[in-house]
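These notes are about the structure you will find just below.
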Amino acid sequence: MISSITGTTALFGVIGNPISHSYSPIMHNAAFQNLGLNAVYVPLEVPLDKVSEALVGLHTVHFIGVNVTIPFKEIIVPYIGKLSKRATIVGSVNTLHWTENRYHGYNTDGEGFKRSLDEDLAFNLEGAHVVIIGAGGAAKAVATECAMGGVKSITLAGRNEKKLTELAYRIQQFFPTIRLDIIGPDLTPLSSYVKKADLLVNATPVGMKPGDSTPIPADWLHSKLSFIDLIYNPSVTPLLAAAKDRGCPCTNGMTMLIAQGAASFKIWLNVMPPLAVMRTAIENHLNRVHKN
Ligand code: NAP
(Lines give C-alpha, C1' and ligand atoms only; values in the text may rest on other atoms or scores of the structure.)
Protein backbone atom coordinates (compact mmCIF):
# COMPACT_ATOMS: atom_id res chain seq x y z
CA MET A 1 0.00 0.00 0.00
CA ILE A 2 1.37 3.46 -0.94
CA SER A 3 0.94 5.46 2.26
CA SER A 4 1.90 9.04 1.46
CA ILE A 5 1.50 10.30 -2.08
CA THR A 6 2.20 14.03 -2.23
CA GLY A 7 3.00 16.68 -4.83
CA THR A 8 6.64 15.61 -4.71
CA THR A 9 6.04 11.89 -5.26
CA ALA A 10 8.03 10.69 -8.27
CA LEU A 11 5.78 9.29 -11.00
CA PHE A 12 6.30 6.05 -12.90
CA GLY A 13 3.89 3.92 -14.90
CA VAL A 14 3.20 1.45 -17.67
CA ILE A 15 1.24 2.24 -20.82
CA GLY A 16 -0.59 -0.47 -22.73
CA ASN A 17 -4.01 -1.56 -23.93
CA PRO A 18 -5.36 -3.52 -22.15
CA ILE A 19 -3.31 -2.87 -19.02
CA SER A 20 -5.32 -4.15 -16.05
CA HIS A 21 -3.47 -7.50 -15.92
CA SER A 22 0.06 -6.03 -15.82
CA TYR A 23 2.22 -7.19 -12.89
CA SER A 24 4.59 -4.25 -13.24
CA PRO A 25 2.76 -1.98 -10.74
CA ILE A 26 2.88 -4.77 -8.15
CA MET A 27 6.61 -5.36 -8.39
CA HIS A 28 7.71 -1.74 -8.77
CA ASN A 29 5.53 -0.41 -5.93
CA ALA A 30 6.81 -3.23 -3.70
CA ALA A 31 10.39 -2.19 -4.53
CA PHE A 32 9.69 1.53 -3.91
CA GLN A 33 8.15 0.71 -0.55
CA ASN A 34 10.98 -1.62 0.43
CA LEU A 35 13.56 1.05 -0.38
CA GLY A 36 11.51 3.80 1.31
CA LEU A 37 11.29 5.85 -1.90
CA ASN A 38 8.70 8.58 -2.37
CA ALA A 39 7.55 7.17 -5.71
CA VAL A 40 4.49 5.52 -7.23
CA TYR A 41 3.95 3.33 -10.30
CA VAL A 42 0.54 3.29 -12.02
CA PRO A 43 -1.04 1.31 -14.87
CA LEU A 44 -2.20 3.63 -17.67
CA GLU A 45 -4.54 2.44 -20.42
CA VAL A 46 -3.86 4.45 -23.56
CA PRO A 47 -6.38 4.50 -26.44
CA LEU A 48 -4.96 2.60 -29.41
CA ASP A 49 -4.59 5.69 -31.64
CA LYS A 50 -3.35 8.10 -28.95
CA VAL A 51 0.16 6.96 -28.09
CA SER A 52 1.93 10.16 -29.23
CA GLU A 53 -0.55 12.31 -27.29
CA ALA A 54 -0.01 10.07 -24.25
CA LEU A 55 3.75 10.64 -24.44
CA VAL A 56 3.32 14.42 -24.47
CA GLY A 57 0.93 14.15 -21.54
CA LEU A 58 3.28 11.92 -19.56
CA HIS A 59 6.20 14.29 -19.79
CA THR A 60 3.97 17.32 -19.23
CA VAL A 61 3.01 15.93 -15.82
CA HIS A 62 6.60 14.83 -15.14
CA PHE A 63 6.59 11.05 -15.42
CA ILE A 64 10.26 10.11 -15.00
CA GLY A 65 10.01 6.50 -16.06
CA VAL A 66 7.48 4.62 -18.15
CA ASN A 67 7.23 1.00 -19.24
CA VAL A 68 5.61 0.27 -22.58
CA THR A 69 3.70 -2.91 -23.27
CA ILE A 70 1.47 -4.49 -25.93
CA PRO A 71 0.47 -3.07 -28.40
CA PHE A 72 2.72 0.02 -28.26
CA LYS A 73 6.26 -1.37 -28.04
CA GLU A 74 6.95 -0.91 -31.76
CA ILE A 75 4.58 1.85 -32.82
CA ILE A 76 5.96 4.19 -30.18
CA VAL A 77 9.51 4.04 -31.58
CA PRO A 78 9.23 6.99 -34.05
CA TYR A 79 8.17 9.28 -31.17
CA ILE A 80 11.18 8.53 -28.96
CA GLY A 81 14.04 11.02 -28.76
CA LYS A 82 16.91 8.55 -28.50
CA LEU A 83 17.10 4.74 -28.63
CA SER A 84 19.58 2.41 -26.92
CA LYS A 85 21.58 -0.04 -29.06
CA ARG A 86 19.41 -3.00 -27.97
CA ALA A 87 16.17 -1.09 -28.68
CA THR A 88 17.50 -0.13 -32.12
CA ILE A 89 18.30 -3.73 -33.02
CA VAL A 90 15.09 -5.16 -31.56
CA GLY A 91 13.03 -2.35 -33.11
CA SER A 92 10.91 -1.88 -30.02
CA VAL A 93 11.07 -0.30 -26.56
CA ASN A 94 9.68 -1.40 -23.21
CA THR A 95 11.25 1.35 -21.10
CA LEU A 96 11.28 5.15 -21.37
CA HIS A 97 13.39 7.45 -19.23
CA TRP A 98 12.92 11.22 -19.22
CA THR A 99 16.36 12.78 -19.20
CA GLU A 100 18.16 15.59 -21.07
CA ASN A 101 14.74 17.01 -21.98
CA ARG A 102 13.51 13.96 -23.92
CA TYR A 103 12.46 10.35 -23.46
CA HIS A 104 15.26 7.86 -24.04
CA GLY A 105 14.00 4.43 -25.16
CA TYR A 106 15.39 1.08 -24.00
CA ASN A 107 14.45 -2.56 -24.36
CA THR A 108 15.18 -4.56 -21.21
CA ASP A 109 13.43 -7.83 -22.19
CA GLY A 110 16.68 -9.26 -23.53
CA GLU A 111 18.54 -8.40 -20.34
CA GLY A 112 15.79 -10.13 -18.36
CA PHE A 113 16.08 -13.19 -20.59
CA LYS A 114 19.88 -13.25 -20.16
CA ARG A 115 19.57 -13.04 -16.40
CA SER A 116 17.18 -15.98 -16.38
CA LEU A 117 19.62 -18.02 -18.50
CA ASP A 118 22.42 -17.17 -16.05
CA GLU A 119 20.52 -17.65 -12.79
CA ASP A 120 18.02 -20.40 -13.55
CA LEU A 121 19.90 -22.46 -16.12
CA ALA A 122 23.60 -21.48 -15.85
CA PHE A 123 23.44 -21.43 -19.65
CA ASN A 124 26.21 -19.82 -21.73
CA LEU A 125 25.09 -18.41 -25.09
CA GLU A 126 28.57 -18.34 -26.62
CA GLY A 127 28.69 -20.84 -29.52
CA ALA A 128 25.23 -22.25 -28.76
CA HIS A 129 22.58 -23.50 -31.20
CA VAL A 130 19.25 -21.91 -30.30
CA VAL A 131 15.69 -22.61 -31.45
CA ILE A 132 13.09 -19.89 -30.83
CA ILE A 133 9.39 -20.54 -31.37
CA GLY A 134 7.46 -17.35 -32.21
CA ALA A 135 8.19 -14.17 -34.11
CA GLY A 136 6.56 -11.47 -31.97
CA GLY A 137 8.03 -8.87 -29.64
CA ALA A 138 9.49 -11.33 -27.14
CA ALA A 139 11.04 -13.48 -29.88
CA LYS A 140 12.73 -10.36 -31.30
CA ALA A 141 14.24 -9.43 -27.95
CA VAL A 142 15.36 -13.02 -27.28
CA ALA A 143 16.86 -13.45 -30.76
CA THR A 144 18.75 -10.16 -30.37
CA GLU A 145 20.10 -11.16 -26.97
CA CYS A 146 21.19 -14.56 -28.32
CA ALA A 147 22.95 -12.85 -31.22
CA MET A 148 24.65 -10.36 -28.87
CA GLY A 149 25.71 -13.29 -26.67
CA GLY A 150 27.61 -14.91 -29.53
CA VAL A 151 25.44 -17.91 -30.47
CA LYS A 152 26.45 -19.98 -33.48
CA SER A 153 22.98 -20.45 -34.94
CA ILE A 154 19.41 -19.31 -34.43
CA THR A 155 16.45 -21.24 -35.82
CA LEU A 156 13.26 -19.19 -35.89
CA ALA A 157 10.07 -21.25 -36.01
CA GLY A 158 6.43 -20.29 -36.10
CA ARG A 159 3.21 -20.02 -38.03
CA ASN A 160 3.85 -16.68 -39.75
CA GLU A 161 6.50 -16.96 -42.45
CA LYS A 162 6.50 -13.24 -43.23
CA LYS A 163 7.23 -12.28 -39.61
CA LEU A 164 9.89 -14.98 -39.30
CA THR A 165 11.61 -13.74 -42.45
CA GLU A 166 11.52 -10.11 -41.29
CA LEU A 167 13.04 -11.05 -37.94
CA ALA A 168 15.74 -13.20 -39.56
CA TYR A 169 16.60 -10.37 -41.95
CA ARG A 170 16.82 -7.90 -39.07
CA ILE A 171 19.17 -10.12 -37.06
CA GLN A 172 21.26 -10.90 -40.13
CA GLN A 173 21.73 -7.18 -40.82
CA PHE A 174 23.34 -6.62 -37.41
CA PHE A 175 24.99 -10.05 -37.00
CA PRO A 176 25.99 -11.30 -40.46
CA THR A 177 28.10 -14.26 -39.22
CA ILE A 178 25.31 -16.03 -37.32
CA ARG A 179 23.57 -18.89 -39.14
CA LEU A 180 19.82 -18.23 -39.36
CA ASP A 181 17.16 -20.75 -40.39
CA ILE A 182 13.43 -20.25 -40.69
CA ILE A 183 10.94 -23.08 -40.18
CA GLY A 184 7.20 -22.53 -40.68
CA PRO A 185 4.33 -22.61 -40.98
CA ASP A 186 4.88 -26.38 -41.28
CA LEU A 187 6.95 -27.22 -38.21
CA THR A 188 7.72 -30.85 -39.16
CA PRO A 189 11.35 -30.13 -40.23
CA LEU A 190 11.96 -28.41 -36.88
CA SER A 191 12.32 -31.80 -35.19
CA SER A 192 15.88 -32.28 -36.49
CA TYR A 193 16.88 -28.73 -35.42
CA VAL A 194 15.55 -29.30 -31.90
CA LYS A 195 17.50 -32.58 -31.76
CA LYS A 196 20.77 -30.68 -32.37
CA ALA A 197 19.91 -27.57 -30.32
CA ASP A 198 21.37 -26.54 -26.97
CA LEU A 199 18.57 -24.13 -26.06
CA LEU A 200 14.85 -23.98 -26.88
CA VAL A 201 12.74 -20.88 -26.16
CA ASN A 202 8.95 -20.74 -26.29
CA ALA A 203 8.12 -17.14 -27.23
CA THR A 204 4.48 -17.82 -28.09
CA PRO A 205 1.50 -17.65 -25.71
CA VAL A 206 0.75 -21.34 -26.38
CA GLY A 207 0.41 -22.93 -22.95
CA MET A 208 -1.15 -19.94 -21.21
CA LYS A 209 -4.79 -20.94 -21.55
CA PRO A 210 -6.31 -23.94 -19.77
CA GLY A 211 -6.54 -26.79 -22.27
CA ASP A 212 -3.69 -25.45 -24.42
CA SER A 213 -1.46 -28.04 -26.02
CA THR A 214 2.32 -27.67 -26.60
CA PRO A 215 3.72 -25.41 -29.38
CA ILE A 216 5.85 -28.35 -30.61
CA PRO A 217 5.47 -32.10 -29.93
CA ALA A 218 6.82 -32.84 -26.45
CA ASP A 219 8.64 -35.98 -27.64
CA TRP A 220 11.09 -33.80 -29.59
CA LEU A 221 12.68 -32.70 -26.30
CA HIS A 222 15.86 -34.38 -25.04
CA SER A 223 17.76 -34.19 -21.78
CA LYS A 224 20.69 -32.18 -23.22
CA LEU A 225 18.32 -29.39 -24.28
CA SER A 226 17.90 -26.38 -21.99
CA PHE A 227 14.41 -24.90 -22.21
CA ILE A 228 12.91 -21.59 -21.20
CA ASP A 229 9.19 -20.97 -21.55
CA LEU A 230 8.66 -17.19 -21.44
CA ILE A 231 5.18 -17.74 -19.99
CA TYR A 232 5.05 -17.12 -16.21
CA ASN A 233 1.34 -17.64 -15.57
CA PRO A 234 0.69 -20.55 -15.30
CA SER A 235 4.05 -21.29 -13.73
CA VAL A 236 4.19 -24.69 -15.45
CA THR A 237 2.92 -24.96 -19.03
CA PRO A 238 2.39 -28.35 -20.71
CA LEU A 239 5.73 -27.99 -22.56
CA LEU A 240 7.57 -27.03 -19.38
CA ALA A 241 6.05 -30.06 -17.61
CA ALA A 242 7.23 -32.28 -20.47
CA ALA A 243 10.72 -30.75 -20.31
CA LYS A 244 10.88 -31.44 -16.55
CA ASP A 245 9.77 -35.05 -17.18
CA ARG A 246 12.58 -35.53 -19.70
CA GLY A 247 15.22 -34.09 -17.38
CA CYS A 248 15.88 -30.90 -19.38
CA PRO A 249 17.36 -27.95 -17.46
CA CYS A 250 14.30 -25.67 -17.70
CA THR A 251 12.55 -22.63 -16.29
CA ASN A 252 9.51 -20.42 -16.79
CA GLY A 253 9.36 -16.66 -17.54
CA MET A 254 9.20 -15.39 -13.95
CA THR A 255 12.89 -14.54 -13.52
CA MET A 256 12.85 -12.79 -16.90
CA LEU A 257 9.76 -10.79 -15.93
CA ILE A 258 11.32 -9.59 -12.69
CA ALA A 259 14.74 -8.98 -14.21
CA GLN A 260 13.42 -6.90 -17.12
CA GLY A 261 11.53 -4.81 -14.58
CA ALA A 262 14.61 -4.51 -12.40
CA ALA A 263 16.64 -3.36 -15.40
CA SER A 264 14.06 -0.61 -16.07
CA PHE A 265 14.20 0.41 -12.40
CA LYS A 266 18.00 0.63 -12.59
CA ILE A 267 17.80 2.85 -15.70
CA TRP A 268 15.38 5.23 -13.97
CA LEU A 269 16.93 5.44 -10.51
CA ASN A 270 20.45 4.09 -10.91
CA VAL A 271 19.70 1.70 -8.05
CA MET A 272 19.30 -2.06 -8.29
CA PRO A 273 15.88 -2.89 -6.77
CA PRO A 274 15.37 -5.80 -4.34
CA LEU A 275 14.63 -8.70 -6.71
CA ALA A 276 13.41 -11.03 -3.97
CA VAL A 277 10.88 -8.42 -2.80
CA MET A 278 9.58 -8.00 -6.35
CA ARG A 279 9.27 -11.77 -6.81
CA THR A 280 7.44 -12.25 -3.51
CA ALA A 281 5.02 -9.43 -4.36
CA ILE A 282 4.09 -11.09 -7.66
CA GLU A 283 3.91 -14.59 -6.19
CA ASN A 284 1.64 -13.36 -3.37
CA HIS A 285 -0.57 -11.65 -5.94
CA LEU A 286 -0.78 -14.82 -8.06
CA ASN A 287 -1.59 -16.94 -4.99
CA ARG A 288 -4.42 -14.55 -4.11
CA VAL A 289 -5.76 -14.64 -7.69
CA HIS A 290 -5.62 -18.44 -7.85
CA LYS A 291 -7.42 -18.78 -4.49
CA ASN A 292 -10.39 -16.67 -5.69
P1 NAP B 1 3.36 -11.20 -29.55
O2 NAP B 1 4.18 -10.05 -29.97
O3 NAP B 1 1.88 -11.16 -29.68
O4 NAP B 1 3.92 -12.50 -30.35
C5 NAP B 1 3.36 -13.78 -30.12
C6 NAP B 1 3.98 -14.78 -31.11
O7 NAP B 1 3.38 -16.05 -30.86
C8 NAP B 1 3.69 -14.45 -32.57
O9 NAP B 1 4.75 -14.93 -33.36
C10 NAP B 1 2.42 -15.25 -32.82
O11 NAP B 1 2.22 -15.58 -34.17
C12 NAP B 1 2.70 -16.51 -32.03
N13 NAP B 1 1.46 -17.17 -31.66
C14 NAP B 1 0.41 -16.62 -31.01
N15 NAP B 1 -0.56 -17.56 -30.83
C16 NAP B 1 -0.09 -18.70 -31.39
C17 NAP B 1 -0.63 -20.01 -31.57
N18 NAP B 1 -1.85 -20.31 -31.07
N19 NAP B 1 0.11 -20.93 -32.20
C20 NAP B 1 1.34 -20.62 -32.69
N21 NAP B 1 1.91 -19.38 -32.57
C22 NAP B 1 1.19 -18.45 -31.92
O23 NAP B 1 3.61 -11.55 -28.02
P24 NAP B 1 5.00 -11.41 -27.22
O25 NAP B 1 5.05 -10.11 -26.52
O26 NAP B 1 6.08 -11.79 -28.13
O27 NAP B 1 4.79 -12.52 -26.08
C28 NAP B 1 4.89 -13.90 -26.36
C29 NAP B 1 4.84 -14.69 -25.06
O30 NAP B 1 5.97 -14.36 -24.25
C31 NAP B 1 3.61 -14.39 -24.19
O32 NAP B 1 3.19 -15.55 -23.57
C33 NAP B 1 4.12 -13.40 -23.16
O34 NAP B 1 3.40 -13.47 -21.95
C35 NAP B 1 5.55 -13.91 -22.97
N36 NAP B 1 6.45 -12.84 -22.54
C37 NAP B 1 7.10 -13.01 -21.34
C38 NAP B 1 7.98 -12.05 -20.90
C39 NAP B 1 8.67 -12.25 -19.58
O40 NAP B 1 9.25 -11.29 -19.06
N41 NAP B 1 8.68 -13.45 -19.07
C42 NAP B 1 8.23 -10.90 -21.68
C43 NAP B 1 7.57 -10.76 -22.89
C44 NAP B 1 6.67 -11.75 -23.30
P45 NAP B 1 1.45 -14.56 -35.16
O46 NAP B 1 2.42 -13.48 -35.45
O47 NAP B 1 1.10 -15.39 -36.33
O48 NAP B 1 0.24 -14.07 -34.40
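Atom OG of S24 is separated from atom CD1 of I15 by 12.0 Å, given to the nearest 0.5 angstrom. Distance check, rounded to the nearest 0.5 Å: CG of L156 to OG1 of T165 gives 9.0 Å. Within the model, atoms CZ of F72 and CG of L48 stand 5.5 Å from one another, a figure rounded to the nearest 0.5 Å. One finds the CG atom of N287 at 10.5 Å from the OG1 atom of T280 (value rounded to the nearest 0.5 Å). Note: T69 OG1 to H21 NE2 = 13.0 Å, rounded to the nearest 0.5 Å. Atom CG of L44 is separated from atom CG of N67 by 10.5 Å, given to the nearest 0.5 angstrom.
Minimum heavy-atom separation, R246 to D219: NH2-CA, 3.6 Å. A pairwise comparison of heavy atoms in P189 and I183 identifies CD-CG2, 4.1 Å as the closest pair. Between C248 and L221, the shortest heavy-atom distance links the atoms SG-CB, 4.3 Å. Residues M27 and I258 share a closest heavy-atom pair of SD-CA, 4.0 Å. Taking all atoms of both residues into account, the shortest heavy-atom contact from S153 to I178 is CA-CG2, 4.2 Å. Considering every non-hydrogen atom in both A128 and N124, the closest pair reads CB-O, 4.1 Å.
Side-chain heavy atoms closer than 4.5 Å link hydrophobic residues (I, L, V, M, F, W, Y) into clusters, and following such links, even through other members, never connects L199 to I133. In this structure, M256 is not a member of the same hydrophobic cluster as M278, with clusters built from ILVMFWY side-chain heavy atoms closer than 4.5 Å. Transitive grouping of hydrophobic side chains (ILVMFWY, heavy atoms separated by less than 4.5 Å) keeps L187 and I132 in distinct clusters. Residues V130 and M148 fall within the same hydrophobic cluster, defined by Ile, Leu, Val, Met, Phe, Trp and Tyr side chains chained together at heavy-atom separations under 4.5 Å. Under the 4.5 Å side-chain contact rule for hydrophobic residues, V142 and I154 share a cluster.
Side-chain contact between L225 and V131 is absent, with no heavy-atom pair separated by less than 4.5 Å. Counting heavy atoms from C-beta outward, H28 and V14 have side chains that stay 4.5 Å or more apart. With contacts defined as side-chain heavy-atom distances shorter than 4.5 Å, the pair L96/L55 qualifies. Residues N233 and Y23 are in side-chain contact: their nearest non-hydrogen atoms beyond the backbone lie under 4.5 Å apart. The closest side-chain heavy-atom distance from L269 to F12 is below 4.5 Å. Residues V42 and F63 meet the side-chain proximity criterion, which asks for heavy atoms closer than 4.5 Å. Contact of the E74 side chain with the S92 side chain is registered, since non-hydrogen atoms from C-beta on lie closer than 4.5 Å. Using a 4.5 Å heavy-atom cutoff, the side chains of I282 and Y232 are not in contact.
A side chain to side chain donor-acceptor pair (under 3.5 Å) with S264 is found for one member of N107, T95, N94 and no other, namely T95. Evaluated for a salt bridge (charged side-chain N to carboxylate O under 4.0 Å, His left out) with D109, the options K73, R86, K140 yield exactly one hit, K73. Across T155, I228, I216, L190, a single residue satisfies side-chain contact (heavy atoms from CB on, under 4.5 Å) together with L200, and that is I216.
Counted by atom type alone, T8 and N38 present one or more donor-acceptor pairs between their side chains at under 3.5 Å. Between the side chains of S116 and T255, not a single donor N or O lies within less than 3.5 Å of an accepting N or O.
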Please walk me through it: do M254 and L286 pass side chain to side chain contact (heavy atoms under 4.5 Å, CB included)?
CA-CA 12 Å; M254 185 59 86; L286 288 174; 3.7 Å; yes
Set out, in order, the CA-CA distance, both residues' side-chain angles and the distance that settles side chain to side chain contact (heavy atoms under 4.5 Å, CB included) for K266 and T108, then state yes or no.
CA-CA 10 Å; K266 174 94 179 6; T108 65; over 6 Å; no
For V236 and N252, run side chain to side chain contact (heavy atoms under 4.5 Å, CB included): C-alpha distance rounded to whole Å, both residues' side-chain angles, the deciding distance at 0.1 Å, then the answer.
CA-CA 7 Å; V236 184; N252 64 20; 5.8 Å; no
Residues Y103, V93; criterion side chain to side chain contact (heavy atoms under 4.5 Å, CB included); working and verdict:
CA-CA 11 Å; Y103 278 120; V93 300; over 6 Å; no
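Within 6.0 Å of CD in E53 there are more than 12 heavy atoms belonging to other residues, nucleotides or ligands. Atom CZ of R179 is surrounded by 12 or fewer heavy atoms from other residues, nucleotides or ligands within 6.0 Å.
Between the N17 side chain and the V46 main chain, a donor and an acceptor come within less than 3.5 Å of each other.
Not a single salt bridge (Lys or Arg N to Asp or Glu O under 4.0 Å) links K209 to another residue, sequence neighbours left out. The salt bridge (Lys or Arg N to Asp or Glu O under 4.0 Å) check on K163 picks up nothing, with sequence neighbours excluded. Looking at residues two or more places apart in sequence or on another chain, you find a salt bridge (Lys or Arg N to Asp or Glu O under 4.0 Å) between R115 and E119.
Ring centroid separation for the pair F32 and F265 comes in under the 6.0 Å cut-off.
Applying the side chain to side chain donor-acceptor pair (under 3.5 Å) test to pairs two or more places apart or on separate chains, none has a residue in residues 75-84. Listed by first and then second residue, the ring pair (Phe, Tyr, Trp, His ring centres under 6.0 Å) pairs involving residues 136-187 amount to none (not counting sequence neighbours). Listed by first then second residue, pairs satisfying side chain to side chain donor-acceptor pair (under 3.5 Å) with a partner in residues 191-208 read N202-T204, N202-D229, not counting sequence neighbours.
Using a cut-off of 4.0 Å between Lys/Arg side-chain N and Asp/Glu carboxylate O, E166 and R170 are scored as not salt-bridged.
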